[in-house]
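Quick notes on the structure that follows.
Below, chain A is the first sequence line, B the second, and so on; all start at residue 1.
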Amino acid sequence: MRGSRIGAFVSAHPQSRSDPVRADPPTEALILRLQAGDAHARDALVRRFLPLLRQWAHGRLPRAARDLHETDDLVQLALMRALNHLDRFVPGTPGSFLAYLRQILMNLVRDEIRRLQARPASETIDPELADGATPSPIAQLIGDQRLQAYERALSALPRRQQELILMRLEFGMSYPEIAAEVGANADAVRIMVSRALVRLAARLRPHSDAAEA
Amino acid sequence: MSRASSTLEEIAARIADDEVVDWRLLNRLDGRRSAAGDGLRELADLAQAFRGAQQSVVRPPEGEPIFRFGPLDVYERLAGGAQAETYRAHDRMLDLPVALKLRPEGSDVLAHRFLDEARRMARVRDSNVVQVLGAAREGGRVGLWTEWLQGETLAQESAAREQLAHEDLLSIGRELARALGVVHARGLVHGDLKASNVMRCRDGRIVLMDFGCAHDLGTQAGGGVLHGTPAYLAPEGLAGAAPTPASDHYALGVLLFRLASGRFPSQARDLEGLREEHRQGTLLRLGALRPDLPLAFVAAIDRLLDPDPRRRPANAAGVTELLGTAGRGPAAWPWFAAAAASLLVALAMLALPASGPVVPPWSPGIALHRLGGDGNSEQLVDGAAVALGDRLVLKLASDRRTWAYVFNDDGSGPAVLFPLEADGQRNPLEGAPERTLPGLDARGRPLAWQISANAASEEFVIVLADAPVVALEQAISSWRRATEGQVPGETRGAARLVPAPSPRTADSAALREALSRLDPDANAHWRIWRLRLPHAR
């Protein structure tokens, strides 16, 4: 089941300008094929996005839910929901499908956190050990408030820039992979990502200048 | 594009590519642009956090597996021994990297015994405990596999960093307390908690591993055979008792001690030496090795390492609460080791009964200080010299309402330093991470006890309790009645001082007698310290 593209995702860090560009069809094309009933396109999308989403969820789920099976369950669920309801997805810019998946998964993660916090004591192993509010690894590393400030700043950026940042920063995709996704060359993507990050940085400090538009 | 924009983009690109950023580049920017530079610093932290989470997910290695076992592709042999071999593998069904533990060919361990570890682990599911994913018997080989953890064991970390910071110690302690709580709640004792069996994963998780020595609660570990690692064994384990949650808590205390100081409490090289150190009470004390740690934290470790298992926290909640109170308060002082030793002696003299109540997690601490003229204070270890005119204060830490009794005896008879009848110098004292006795005068100015007479030495006896101690209350009351009409020198000398001794009406034997009436059955509720301070010649 392992194709060469999973390997390409793994090799994203730190340098990736020389990574081979994916030969698979772009995501947009796969979505269109799936909408036309092509089951192979569905498999290709699952192969493409499942590892990325699993990796992302690993950092975002609270500890108590970050059991391996539960993480996989949520990721699987997010992807299946997205693929089963493609009619709800409005393609915008290239790369927006990943942002769409991330949003679905983030909603599921929030639901999971709420479920853990509402879990009756009798369900836990020991009421004294109930720990539904244990933060996710990323929240633990940088703190909830900083993570929320990042989310706010990110959501204020143009959609295309949001997607570039998600792909590079959160999903760890290489420039060639992003290039294949957005239909540009890797060097151009690198510059676009840098500019998007400068704008994001300006918004992370509300009193700072908005830098380059 | 302006030079400033180019600089910012260069930094941003380096952040995105996980390259070293030369933050001095920001110096080129003017005030408005440099504010964006602050945002980039924040972004660098965020990028690092995202990257850490990405790296914690492992993909299968490239290339062909060296063999297959059940649903696993096995790629690399990591370690091997007489009882087990470990491999890096990938679970094809779950599409997850795993660690495979195989019984070696020729092992004398029965297959069902080997798989017992997997069965025990399968009962426990918690993010702080390594998760077993499967077990199989195939072609005469027996194996179990667990999640693949990326990170360093605490043994590796301890080798690289000799002493961990207080916050780090607390965090590790709490996570392991939680892990042990889950293990115990499932009717198991881990039995071999040690630095090499705890992993700090890249995502920050602290994970308890290796259930090879675990066994069901209430069962004998096996006919007089010691299980576990000697340096982490509680004294009762060294004496042959079966492991219990309390012995796991002792091992946690040893681990935290080691991470804090780089040393084990015992320096013995063999089991007999270890037993002898326990018998003699000559184990090292953390307060002496890490005087910078908060007093309450040192006291918490002392509680975990209490030789009497009944005095250690009875459950995970107790450990968590103990460590919860250890996150605050003043630094420990080297003399604390001596004071704690005095406490042990005192408790031994009181001949505790063989069984007793479960001890609530209460770890008050005390520290006697000499005030200097420059506003600083100096710690007074047991045996430190004092001189006429010295001004002393007692610092104490307690997480609950406390009754404090402080006595001083210079050989001419004991004096009650605390409680006094003056406002602000009475019991009880509300719980606080740090409180100083004798306290404040009526105008809110700090007071001290002053040594006002020459003697060979001063002995201080300090008792803290979480309820009034009847024996001491009665003794103090009777001594007070005997001094009615006399002028208690509570405001003598400089206005900011409370002089030491009130009139001496009891003799030393009376104090000893009162202390001997402390109820040993209620020992969970009081602590005693003795400090002997010779006068400087």
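Of the inter-residue distances, the one linking B:D45 atom CG with A:L204 atom CG reads 10.5 Å to the nearest 0.5 angstrom. Here the CD atom belonging to B:E10 is positioned 9.5 Å from the OG atom belonging to A:S194, to the nearest 0.5 angstrom. Going from atom CD of B:E42 over to atom CG of A:L200 covers 9.5 Å, rounded to the nearest 0.5 Å.
The main-chain N or O of B:E9 is never found under 3.5 Å from a side-chain atom of A:R195 such that the two would form a donor-acceptor pair.
With a 4.5 Å cut-off on side-chain heavy atoms, B:I15 and A:R168 do not count as touching.
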Would you sort out whether B:I11 and A:V198 count as a side-chain contact (heavy atoms from CB on, under 4.5 Å), showing the intermediate values?
CA-CA 9 Å; B:I11 293 173; A:V198 170; over 6 Å; no
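Nearest heavy-atom pair across A:R146 and B:L46 is O-CD2, 4.4 Å. Closest non-hydrogen pair, A:Y175 versus B:A13, comes out as OH-O, 4.4 Å. Nearest approach of B:A12 to A:L197, heavy atoms of both residues: O-CD1, 3.6 Å. Of all heavy-atom pairs spanning A:L147 and B:F50, the tightest one is CD1-CZ, 4.4 Å.
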